[in-house]
Each structure stands twice: as C-alpha cells, then as structure tokens.
2 protein chains.
Amino acid sequence: MGAQQAVDEARPVSARVQRKRGKRIQEIVTVAAELFGERGYDAVNLEDVAERLDVTKGSLYYYFSSKEELGTAAIQTLGDEWTDRLEKLLERADGSPAQRLRALIHEHVTIAVRDYPAALRVFLVPRNWPAAQRERIKELRTRHNQLFRDLIEEGIAAGEFTVTGVDTVLQCLHASMSQAPAWCAELSGRAQRAAIDELTDTLMMLVGVHPD
Amino acid sequence: MGAQQAVDEARPVSARVQRKRGKRIQEIVTVAAELFGERGYDAVNLEDVAERLDVTKGSLYYYFSSKEELGTAAIQTLGDEWTDRLEKLLERADGSPAQRLRALIHEHVTIAVRDYPAALRVFLVPRNWPAAQRERIKELRTRHNQLFRDLIEEGIAAGEFTVTGVDTVLQCLHASMSQAPAWCAELSGRAQRAAIDELTDTLMMLVGVHPD
DNA sequence: ACGAATTTTGACTTTTTAGTCAAGAGTTGA
DNA sequence: TCAACTCTTGACTAAAAAGTCAAAATTCGT
C-alpha cells in the first residue's frame with residue numbers, strides 16, 4: 001500500500017519484523033544524512049540515495065512519505081546521537097574549566113571530523129533546509145551551545161578565561177568546527193589526529209588559553 | 001538573435017551602446033550575486049533573478065548563455081572588487097603587525113557583513129557550485145588568505161603573535177568571517193558596528209593578541 | 001521622423017526530480 | 001509447503017526550472 005502507512009506507529013507486526021524494519025530505516029537514514037551533509041538538502045536527489053543503498057527510489061517511499069520526512073529523520077537521529085556523546089563526555093570530565101573545555105572542543109571536533117565525516121555537517125552549515133528542519137537544527141545548536149556556554153562562563157568566573165563576548169566566541173567556535181570536516185576531508189589517520197589537536201589548541205586561544 | 005551572441009566580444013557597436021550594455025550586465029550580475037549569496041547556486045532560479053530586475057527570464061539569456069555563466073560572472077566581478085578593497089587597505093595601513101592585522105580583519109568583516117550583506121557570502125560558504133566555479137572561488141580564497149598569512153607571519157617573526165599553526169588560524173578566521181553575515185543579518189546601525197568590533201577583537205585572540 | 005540596431009517578451013520545448021502505484025518477489029510462521 | 005505479510009520494482013504522472021526563439025517593443029544615429 002506504500003506511502004500512506006510509511007510511518008504508522010502502532011502497526012501490528014511481529015517483534016522480529018519490526019526490528020528488521022527499524023534496522024533498514026537506520027541504514028537509509030545514515031546514507032541519506034551522508035548525502036545531505038555532502039551536498040545540502042536541495043542538491044540531494046532520492047535516486048542517488050536509493051542507488052547508494054542498491055535499491056530503487058520507490059522503496060524509500062515505503063519507509064518515508066516524502067523527502068522532507070527523510071530529512072527530518074536524518075536530523076533527529078544523528079542529532080540525538082551527537083548530543084549524547086557531548087553530554088556523556090561532560091559527565092566523566094573533571095579538572096579545571098580550561099581542561100574540561102579543551103576536552104569538550106576536542107570531542108566535538110573529533111565527532112564532526114572523524115566519526116561522521118560528512119554526515120553531521122548537516123547541522124552545522126545552514127543549507128536550504130525547509131523551515132521545519134531549520135527549526136530543529138536551531139534547537140540542536142542551542143542545546144550544544146549551552147554546554148559550551150556554561151563551561152566558558154565558569155572559566156570566566158574562575159578568572160581562567162579572557163573573553164570579550166561569550167556569544168561571539170560561541171559563534172566563532174561553531175563556525176570553525178562546522179568547516180573543519182571540509183578542511184580535514186583528505187587527511188587520514190595520523191595527520192587527521194594532528195589536525196584535530198591543532199584545531200583544538202587554536203580554538204582554546206579564543207578564550208585566552210595558550211597551549212602548554 | 002539571443003543566446004548565441006550573448007557574450008561575443010568583438011561585436012561592432014557604438015561606444016555608447018556598449019557602455020549601456022555593460023551597465024545592464026553589471027545590474028544583472030549584482031542582483032544574481034545577491035540571490036546566489038542568500039540561497040546558494042542550486043536554489044536560485046532565473047525566474048526570480050529576472051523578477052527582481054523587473055524583466056523576464058528570456059532577457060537574461062540575451063546577456064548570458066546559461067545559468068552557469070551568470071554564476072561565473074557574479075563570482076568574478078564581486079571577487080575582484082573585494083580583493084581590491086583589501087589590497088588598498090593594506091597599502092595605506094601602518095603600525096605594528098597587530099594593528100595592521102586588526103585593520104585587515106575589521107575591513108574584511110565589514111565588507112562581508114555591512115557592505116555586501118548577502119552577496120559576497122557567495123565566496124565564503126562553499127555551496128553546490130559547479131566545478132568550474134568552485135575552482136575560481138578557491139583561487140580567490142587563496143589570494144585573500146595570502147594577505148592574512150603574510151601579516152601573521154610578520155607578527156610571529158616580530159614576537160607579537162602566539163600561533164600554534166598558521167593554516168589552522170587562517171581556517172578559523174575564514175570560517176568565522178564567512179558565517180558572520182548570517183549572525184549579523186538582523187542587526188543594524190549601531191548594533192551591527194558593535195558586533196563587527198567585537199568579532200574583530202575575538203578573532204585577534206586567535207593570534208594571541210588581547211584587546212587593550 | 002524614420003530605418004536599423006538593440007532589447008525584451010511570452011509562449012514554447014526539454015530536462016530533471018519528487019512522488020504514485022499496481023504488480024511481483026521475497027519472508028515468515030504455521 | 002502454503003498463505004499471509006512484507007518489501008521492492010519499474011513504469012508512470014506532475015511540477016518546477018533551464019533553455020529557445022520568432023515576433024514585438026524600444027532605443028539609437030542620422
């Protein structure tokens with residue numbers, strides 16, 4: 001029956017089939033997010049997504065009722081995963097605000113550059129997303145920013161950081177991290193790790209903390 | 001006869017008519033660049049460009065033989081203008097490397113944020129440009145980067161700057177400036193000038209120079 | 001003011017891509 | 001093995017946007 005029931009929630013099926021379906025959806029979302037990240041929303045066509053998955057376009061519409069819905073799913077899933085990692089890192093991090101901020105920046109850059117090469121750029125560089133998704137991306141960014149903001153303000157209070165304006169620092173942090181995946185695209189292994197470390201050091205300069 | 005002779009070079013016409021034609025082309029290019037900057041290459045349709053100019057699409061094809069050619073013209077014209085302003089500033093700038101770098105950053109941000117609100121973002125955020133134009137954008141960026149690089153290296157030699165890696169600093173500078181127009185979009189007048197100043201101060205931190 | 005050169009128009013074709021769907025292939029549990 | 005359920009296909013439609021062009025409108029030089 002196709003699109004109508006693409007995202008029905010309470011559909012009675014066996015647990016096993018349901019699991020399989022969920023896995024397939026994840027596969028699709030992952031591939032779609034990669035492409036959205038590489039090219040931006042507009043420039044991705046579903047035929048390409050399908051091709052990467054070795055299926056045809058029609059099959060995508062069995063799981064998602066529109067391109068927009070697929071976009072939303074990509075943003076949702078990957079965004080949650082990302083936020084989780086940052087929050088978990090902060091839970092186990094200790095040391096001075098500078099040490100914790102360095103760890104947070106490092107984790108953030110690592111995620112963007114190494115772990116999700118193109119996929120998560122989706123969130124960082126605003127492309128031509130439909131309004132609904134832009135809203136979601138903005139929410140996510142606010143959540144991430146809050147993690148950084150709290151830490152930076154703690155560091156200022158402790159007299160460790162020299163910051164002219166917290167918001168401006170956040171913008172620069174965000175902008176730099178968002179373009180990092182593009183710079184580091186060709187690098188691999190050792191060189192990439194070095195680039196991530198150097199970027200982390202450089203970004204710490206924004207709050208007045210020099211390396212060493 | 002339309003498209004065929006859209007960009008013929010040696011067409012025999014009177015000087016006056018030739019001038020008029022050139023002016024019209026500039027008008028079109030300016031409007032097109034604005035739209036490309038706002039939405040990215042893909043998302044701009046020529047009907048919209050034409051509408052902003054109060055003409056119809058067919059008319060654009062009298063001057064440009066394709067959308068791609070219009071894109072190239074936009075990049076070329078605006079890029080030259082921008083580079084000119086930066087080079088002129090450096091000619092008349094004096095003082096320490098820090099003072100000159102601050103002036104250069106300030107000028108660059110001012111151009112991007114205030115003088116060409118959306119237009120020149122074309123160069124800064126990589127969108128889905130066809131390969132040929134991507135090449136041009138890269139060239140332009142290299143030229144701009146060189147201006148910054150020379151100054152930063154001078155400042156390092158003079159012992160004024162603390163920099164872990166020049167390339168990484170350039171990337172962060174570039175990334176931050178490229179997203180600045182988006183942050184400052186709503187601001188106007190006094191608030192915008194303040195934002196530009198604060199961004200300049202914050203970016204100077206990247207080379208280890210604190211305000212005051 | 002008039003003929004020639006230039007510019008604009010709007011209806012046209014073509015291409016691309018989102019979205020639909022009936023029919024068939026594959027899976028599952030009994 | 002069979003019937004019901006699930007998934008995939010490929011040919012289809014629809015809409016949007018690039019690109020074309022003959023004819024009409026405008027502007028120019030004399």
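A, B, ... follow the sequence lines: proteins, then strands. Residue 1 opens every chain.
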For F161(A), all residues meeting ring pair (Phe, Tyr, Trp, His ring centres under 6.0 Å), sequence neighbours excluded
none
Separation of dT8(D) C1' from E27(A) CD (nearest whole Å):
14 Å
So does R24(B) get a side-chain nitrogen or oxygen closer than 4.0 Å to the phosphate oxygens (OP1/OP2) of dT7(C)?
no
Please name all residues satisfying salt bridge (charged side-chain N to carboxylate O under 4.0 Å, His left out) with R143(A), sequence neighbours left out, ordered by chain then number.
D80(A)
F64(A) has an atom CZ; how far is it from atom P of dT8(D), in whole Å?
12 Å
N45(B): what forms a side chain to side chain contact (heavy atoms under 4.5 Å, CB included) with it, not counting sequence neighbours?
E47(B), D48(B)
Sub-4.0 Å heavy-atom contacts from residues 45-56 of chain B onto DNA chain D, ordered by number:
N45(B), L46(B)
With a cut-off of less than 4.0 Å, is there a side-chain N or O of Y61(B) near OP1 or OP2 of dG19(D)?
yes
State which residues pass side chain to side chain contact (heavy atoms under 4.5 Å, CB included) with E107(A); sequence neighbours excluded, sorted by chain then number.
R85(A), L86(A), L89(A), I111(A)
Provide, to the nearest angstrom, the distance between the CZ atom belonging to R21(A) and the C1' atom belonging to dT27(C).
15 Å
Is K57(B) side chain donor-acceptor paired with the dG10(C) base, going by distance under 3.5 Å alone?
no
Mind calculating the distance between CG (L60(A)) and P (dT6(D)) to the nearest angstrom?
20 Å
Do any side-chain nitrogens or oxygens of Y62(A) fall under 4.0 Å of OP1 or OP2 in dT8(D)?
no
OH of Y63(B) versus P of dG19(D): gap in Å, rounded?
18 Å
Grab the OH-C1' distance between Y41(A) and dT17(C) for me, whole Å please.
12 Å
First of G58(B) and K67(A) reached from the 5' end of DNA chain C, by closest nucleotide:
G58(B)
Pairing residues for T72(A) by the side chain to side chain contact (heavy atoms under 4.5 Å, CB included) criterion, not counting sequence neighbours:
Q133(A), R136(A)
Could you tell me whether R24(A) and E27(A) make a salt bridge, using a distance below 4.0 angstrom between a side-chain N and a carboxylate O?
yes
Ring centres under 6.0 Å, that's the criterion: do H144(B) and H108(B) meet it?
yes
At under 4.0 Å between heavy atoms, which parts of nucleotides 23-28 of chain D does protein reach? Answer with one letter per nucleotide, 5' to 3': B base, S sugar-phosphate only, - none.
----SS
Calculate the interatomic distance between I28(A) atom CD1 and dT8(D) atom C1'; express it in whole Å.
11 Å
Please list every donor-acceptor pair under 3.5 Å in which a side-chain atom of residues 49-60 of chain A meets a protein atom from a residue at least two apart or in another chain.
unit_1	atom_1	unit_2	atom_2	d
R52(A)	NH1	E34(A)	OE1	3.1
R52(A)	NH2	E38(A)	OE1	3.2

Hey, could you give me each pair passing salt bridge (charged side-chain N to carboxylate O under 4.0 Å, His left out) that has a residue in residues 186-200 of chain B? Not counting sequence neighbours.
none
note: Q18(A), atom CD; dT28(C), atom C1'; distance rounded to Å ~ 15 Å
